[in-house]
Amino acid sequence: MGKEVRTRFAPSPTGWLHLGNARTAIFNYLFARHHGGDLILRIEDTDRERSKREYEEAIIEDLKWLGIEWDEGPDIGGEHAPYRQSERFDIYKKYVDELLEKGYAYRCFCTPEELEAEREKAKKEGRPYRYSGKCRNLTPEQVEEYIKQGKPYVVRFRVPDGREIVFNDLIKGEVKFNVNDFGDFVIVRSDGSPVYNFVVVVDDALMEITHVIRGEDHLSNTPKQILIYEALGFPIPKFAHLPIILGEDRSKLSKRHGAVSVRQYRFDGYLPEALLNFLSLLGWYPKDGKEILSKEELIERFDISDIHNAPAVFNKEKLYWMNGVYIREVLDLDDLTRRVLDYLKQYREYLDKKDQKVAEIILSKPYEFVRDVVSKVRDSFFTLKEFPKRAKPFFVEEFELTPDAEKHIQKVTPEVAKQIVSLYLEKVKSMETFGGEDFKKVAKEVAKELKLKPGMVFKTLRVALTGETQGVSLDLLVDAIGKEAVERRLERFLSLLK
RNA sequence: GCCCCCGUCGUCUAGCCCGGUCUAGGACACCGCCCUUUCAAGGCGGAGAUCGCGGGUUCAAAUCCCGCCGGGGGCGCCA
């Protein structure tokens, strides 16, 4: 109670968690934690048509996955429960009654058709549409009569004439609106359900939210909300409107731009730490310029006044790079290995057919072996999804030659390839032990004895051992799979040549 | 149409509030070289922004003022 900072994230469960909303959640989280305050999760499901419980669950799961923690919410409760707006209708009703009683709101019996006509007319005359105020001054008797007749009605907020609303946005600075730019707006629908602009105010006030941090698309709603705060006698919180995230074509990021949900990135093998880090840097930058930051470092450095106020284009290339940094530099080996394994277990279906097979093999191998492979290839894959492709040579012995590999064999001629591989195999067999450090030495011997360029020998051996013309260092591969596997593969390759 | 927000390399941004140290710094992407059996990673270097445009103010402007242009968001019984 009475914490100095309380923020909230209030998604509506009409789809998966969108990157833009995720960033809003992150900023609310960072801000709250930086100030030792609380974050409240509230579900805005007043739109019964579009809200779905499964989306709510998905959003909660994605938020948790990202590493965001809240102190009160529908899943954990709290002293301001319930946290789903659909369960708070009684509360809203009380405040609607209060507004009605005090004259701040009134019942409007206009039909959708009438309103549509008003809108048309305004458009034709080239002036901005505003509700005419037709029902503004109905007498109590008229209202009673209409109600008795069973006429449906909405409740509208009575907007005072000519008021200028000024507020100091934490990001935008001083913002002014003239209340005449919008007419008396609806706060309760004809089906009795209250509308967003009204319920946010009631909830934010009752939940003692001190800082409302949300997307810039809500900026023009703010004056309406301030009017309601005032009418209800609630203290007005501080507002901070985040610049929105744009797609490559500089329009608001949406499905058209491809993957825009947190979940999609998860399926694509992104790490939550990387996504959190990246999203934090969209419109905000730490003073010391450090880009790779843990959650704790982000919390420590986060300062809302450093938020850039121009919209930011979502640059997936950089996210991709950053994910790679987390894979090769940030996570410790066991952690990384665990994540690779978990990913393959859970999201195998998102891999190519070929990679799915590789994934199965990987999952069948002992943990230590997989970890060893991960340590050897971690600087060459950028998403978890790419691991099977990169690690394939370590796991698959019955491979086919890629077109490039095929071409290479034709180029050196199958005869010479056979010579190289046979001689190499012979040498390996004659050795007591054969490890990564021997690989190069023996290859050079072979090149010398056959009077061939070392490069050609190496490439041929690569094809013989992996079926590919490029990939991990062969000494690392040999180290991991061991002498016997090398012999098996070389023999198999020779048999393939026949 | 009306209201509001925004405008530094292709992109994310530092600097702008408190004019000079900015011949505008960093990161991603791009190009080259090095390392290397290949790819990747890594190291080094390069190219890339007359700070949207035009006027002022000033000895001096990315930084202050004005106008314009451009981009975006909002104008619902959606949130």
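Chain letters run A, B, ... following the sequence lines, proteins first, then strands; residues in each count from 1.
Base-pair partner of B/rU36: not found among the strands shown (Watson-Crick or G-U wobble, both distances under 3.5 Å). Both distances falling under 3.5 Å, in either a Watson-Crick or a G-U wobble arrangement, place B/rG1 opposite B/rC75. Nucleotide B/rG7 forms a pair with B/rC69, judged by Watson-Crick or G-U wobble geometry with both contacts under 3.5 Å. Look at B/rU23: it lacks any Watson-Crick or wobble partner with both distances under 3.5 angstrom. Across all strands shown, B/rC64 pairs with B/rG56; the Watson-Crick or G-U wobble distances both stay below 3.5 Å.
The side chain of A/Asn309 lies closest to B/rC6, out of B/rA79, B/rU37, B/rC6. Checking B/rC3, B/rG74, B/rA27 against the side-chain heavy atoms of A/Trp321 singles out B/rA27 as nearest. Among the nucleotides B/rU38, B/rA79, B/rG76, the one closest to any side-chain atom of A/Gln470 is B/rU38. Listed candidates were B/rU38, B/rA79, B/rG7. Nearest to the side chain of A/Ala310 is B/rG7. Of the candidates B/rC77, B/rG74, B/rA40, the closest approach to any side-chain atom of A/Leu115 belongs to B/rC77.
Residue-level contact check: A/Lys176 touches the backbone only, with heavy atoms under 4.0 Å from sugar-phosphate atoms and none from bases.
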Practice prompt. Just do the side-chain contact (heavy atoms from CB on, under 4.5 Å) check on A/Phe278 and A/Tyr320 with the steps written out, would you?
Written response: CA-CA 10 Å; A/Phe278 178 76; A/Tyr320 181 72; over 6 Å; no
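Atom C1' of B/rC22 sits at a distance of 12 Å from the matching atom of B/rU8, rounded to the whole Å. For the P atoms, the distance from B/rG52 to B/rA47 is 23 Å, rounded to whole Å. B/rC3 sits 44 Å from B/rC28 when the P atoms are compared, rounded to a whole Å. Comparing the C1' positions of B/rG43 and B/rG19 gives a spacing of 40 Å, expressed to the nearest Å. Of the C1' atoms belonging to B/rG15 and B/rC64, the separation is 16 Å, rounded to the nearest Å. Spacing between B/rG54 and B/rC75 at atom P, rounded to whole Å, works out to 36 Å. When the P atom is used for both B/rC44 and B/rG71, the distance is 41 Å, rounded to whole Å. Between the C1' atoms of B/rG25 and B/rA14, the separation comes to 6 Å (whole Å).
For the OP1/OP2 pair of B/rC5 and a distance below 4.0 Å, the side-chain nitrogens and oxygens of A/Ser220 include no atom meeting the criterion. Side-chain nitrogen and oxygen atoms of A/Lys252 include at least one within less than 4.0 Å of the OP1 or OP2 phosphate oxygen of B/rG74. In this model, the phosphate group of B/rG42 is approached by a side-chain N or O of A/Arg328 to a distance below 4.0 Å at OP1 or OP2. At B/rU38, none of the side-chain N or O atoms of A/Arg390 fall inside 4.0 Å of OP1 or OP2 (strictly under the cut-off). Between A/His241 and the phosphate of B/rG73, there is no side-chain N or O to OP1/OP2 separation shorter than 4.0 Å.
Within a 6.0 Å sphere centred on NZ of A/Lys238, other residues, nucleotides and ligands contribute 12 heavy atoms or fewer.
Put simply, A/Tyr285 does not rest on the base of B/rU13: the two rings are not both less than 5.5 Å apart at their centres and under 30° in tilt.
Using a cut-off of 4.0 Å between Lys/Arg side-chain N and Asp/Glu carboxylate O, A/Arg130 and A/Asp181 are scored as not salt-bridged. Using a 4.0 Å cut-off between a side-chain N of Lys or Arg and a carboxylate O of Asp or Glu, A/Glu329 and A/Arg378 do not qualify as a salt bridge.
Here the options are A/Asn221, A/Asn309, A/Leu219, the test is side-chain contact (heavy atoms from CB on, under 4.5 Å), and the partner is A/His241; only A/Leu219 passes.
Checked by distance alone, A/Ser380 brings no side-chain donor or acceptor within 3.5 Å of a matching partner on the base of B/rC39.
Side chain of A/Thr7 to main chain of A/Asn28: a donor-acceptor pair is present (N/O by atom type, distance under 3.5 Å, no hydrogens or angles).
The CG atom of A/Asp404 sits 16 Å away from the P atom of B/rU38 (whole-angstrom rounding).
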